[in-house]
Amino acid sequence: MCGIVGYVGGRAALDVVVEGLARLEYRGYDSAGVAVLADGKLATAKRAGKLVNLRGVLEEDPPPAGTLGMGHTRWATHGPPNDRNAHPHVDCTGSVAVIHNGIIENFAELRAELEESGHGLASDTDTEAVAHLLEEELKAGDGLAAAMRRVCGRLDGAFTLVAMHTGDPDLVVGARRNSPLVVGVGEGENFLASDVAAFIAHTRDAIELGQDQIVELRADGVRITDFEGRPAEVKEYHVDWDVSAAEKGGYDYFMLKEIAEQPRAVADTLLGRIGADGRLRLDEMRISDRELREVDKIIIVACGTSYHAGLIAKYAIEHWAGLPCEVELASEFRYRDPILSPTTLVIAISQSGETMDALMAVRHAREQRAKLLGICNVNGSTLPRECDGVLYTHAGPEIAVASTKAFLTQLVAVYLIALYIAQTRGTKWGDEVFAMVQLLERMPEKVEKVLETMEPVRELARSLAGERCVLFLGRHVGFPVALEGALKLKELAYMHAEGFAAGELKHGPIALIEEDLPVVVVVPPRARDVLHDKIVSNIQEIRARGARTIVIAEEGDESVVPYADTLIGVPAVPTLLQPLVTTVPLQVFACELATAKGHDVDQPRNLAKSVTVE
Ligand code: F6R
């Protein structure tokens, strides 16, 4: 949420910053703004709406050229998304500019104090208070970094702050608590950003900032200290993807590209995890075999699409590893009284690794002394730092707001973990684990096959663009797939969509069925006779009541043909792995239907990738 870019070096800062903002726009698009320091003066420009609006302002009235700059793309929290509330915010003298990601929880108190001492605040935001606090602290005369340190000491909540000051004309200062901030290390230039995507065109060398750290960014170097001014330990890393991964590569939307990348993403997530002897090796897990054997309960916490991956994980973990597994929305977890102990393994799933609800759940579990394992896609993000171990998915950067390839790779990760636990605890024989791993290795090819047959799904989606509601049904692992199909349609097409466990239909939701209502049904493989036959009965029940049935079933499943108004065939795979193939048509369906309605599928309204507020 909110994208931040800072730059200092030899180039025109405005160009670097605006280019960075374009790559970060997926983080929020309520407004955009920039500040440049040139000839000892700060120039700012900002505009409500997407970056294109700001570009218009910059073309009409370009700020003076400078080599020190910063920019912001906003997802509104405090104050409506208008020009006034767009960042950067400046102090009373116009000599300090600040951008911010996060929420300053004690801002009302700070604002009242500032107003009482004569500061005029021009916006409704929590951020502006920081500009005025810096104005006060700068009076001590010890520079922007020291002033920022003292200000951070007064703030409650989550924040990444970046500031510039006319009195320090070669310095950009950043501060981080609970919100992401990474440093890009160049030659004679350095960068700050919420995400490496912002500077990946210039450097792939990055430094991960820790909690409560301050960075002083100059053209010739970077200094990182804690909030007390002590030199901080930092982690340097090299980004393993390049700028082409953060570009559309000929597709109209990132989402289309990311859907198409799924076979590769699934293959990459499996890479290097299977030893020559056929045994799984998950070295990054950093939880010893002894500790894994002691685990007596698993709790999965996650949000949104990642939560759906967690729901599927439960089936795999209980089936293969024989351990009880609960799945909980991360935002609910710490508000009940979860029973945790040192023998509980909490698995947090998060593409971004920055979702505040997931981080807070992890911290709660840490306090209760549970073991913590993260499943994460973004190297350098917060989640892996806060867990005992991590399993990275290798989906590459996911830029479209709606998650697609990250979901499929999360599924691969949870399958690997479930099988690894089974291998370690001996709940499955080595050859059984190996057989399943071999099936997993064939999944990229199966996903590719699904992608090759999507034209009828696109046609169907276009034909349904005028509908008001679509229901999704599934059983077993098909239930979370139904939830995911409904979520994709809601967030992209802004339509009413609900996912139900097919068996629950008769307990209420069947009352929703009316003539021609589109209902998508995910049918389990024929090999699961009982499950399969039950859902075929469910299809008949809804069809008898007039529903228009869209059936996703294994290729060659003749039993569903008489009851399917539209049949979407997917390759035959084992039940537990079926979500890897049944989810793809639902992603394509939602993407195409939303596009037919004229929506921007990469940036759906009101949403932002990486939800860094609770
Ligand atoms: C839906 C979507 C969101 C995220 C959720 C969690 O398409 O993308 O529901 O899945 O916000 O995000 P992460 O996985 O980054 O924690």
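Each ligand, and each atom within it, is numbered from 1 in the order the structure gives.
Distances shorter than 4.0 angstrom occur between a heavy atom of C303 and an atom of ligand 1. Using a non-hydrogen distance threshold of 4.0 Å, D357 does not register as a contact of ligand 1.
In terms of protein heavy-atom proximity, atom 15 (O) of ligand 1 is nearest to S352 OG, 2.7 Å. The shortest contact between atom 4 (C) of ligand 1 and any protein heavy atom is with T305 N, 4.0 Å. Taking atom 11 (O) of ligand 1 as the reference point, the nearest protein heavy-atom neighbour is V611 CG2, 4.0 Å.
Judged by distance alone, the side chains of S403 and Q351 never bring a donor and an acceptor atom under 3.5 Å apart. Side chains of N377 and E398: a donor-acceptor N/O pair is absent below 3.5 angstrom, by distance only. Under 3.5 Å, the side chains of S244 and D242 contain a donor-acceptor pair of N or O atoms. Side-chain atoms of T305 and K488 include a donor-acceptor pair closer than 3.5 Å.
Taking the ring centre of F159 as origin, the terminal cationic atom of R176 falls outside the region bounded by 6.0 Å and 45° from the ring axis.
Numbered from 1 in the order shown, with element, the atoms of ligand 1 that lie under 4.0 Å from a heavy atom of V401 read 8 (O). Of all the atoms in ligand 1, the ones that sit under 4.0 Å from a non-hydrogen atom of K488 are 1 (C), 7 (O). Distances below 4.0 Å separate heavy atoms of E491 from the following atoms of ligand 1: 1 (C), 7 (O). Listed by atom number, the atoms of ligand 1 under 4.0 Å from Q351 heavy atoms are 13 (P), 14 (O), 15 (O), 16 (O). Proximity to S350 (heavy-atom distance under 4.0 Å) selects the following atoms of ligand 1: 13 (P), 14 (O), 15 (O), 16 (O). Those atoms of ligand 1 with a heavy atom of T355 less than 4.0 angstrom away are 12 (O), 13 (P), 15 (O), 16 (O). Every atom of ligand 1 with a heavy atom of A402 under 4.0 Å away is listed here by number and element: 7 (O).
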When the side chains of residues 463-478 are checked against the rest of the protein, which donor-acceptor pairs come out under 3.5 Å, sequence neighbours left out?
| unit_1 | atom_1 | unit_2 | atom_2 | d |
| --- | --- | --- | --- | --- |
| S463 | OG | L460 | O | 2.6 |
| R475 | NE | N538 | OD1 | 3.1 |
| R475 | NH2 | N538 | OD1 | 3.3 |

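Side chain of Y29 to backbone of L607: a donor-acceptor contact under 3.5 angstrom is found.
Screening residues 245-256 for side-chain hydrogen bond (donor to acceptor under 3.5 Å, both in side chains), with sequence neighbours left out, gives R23-E247.
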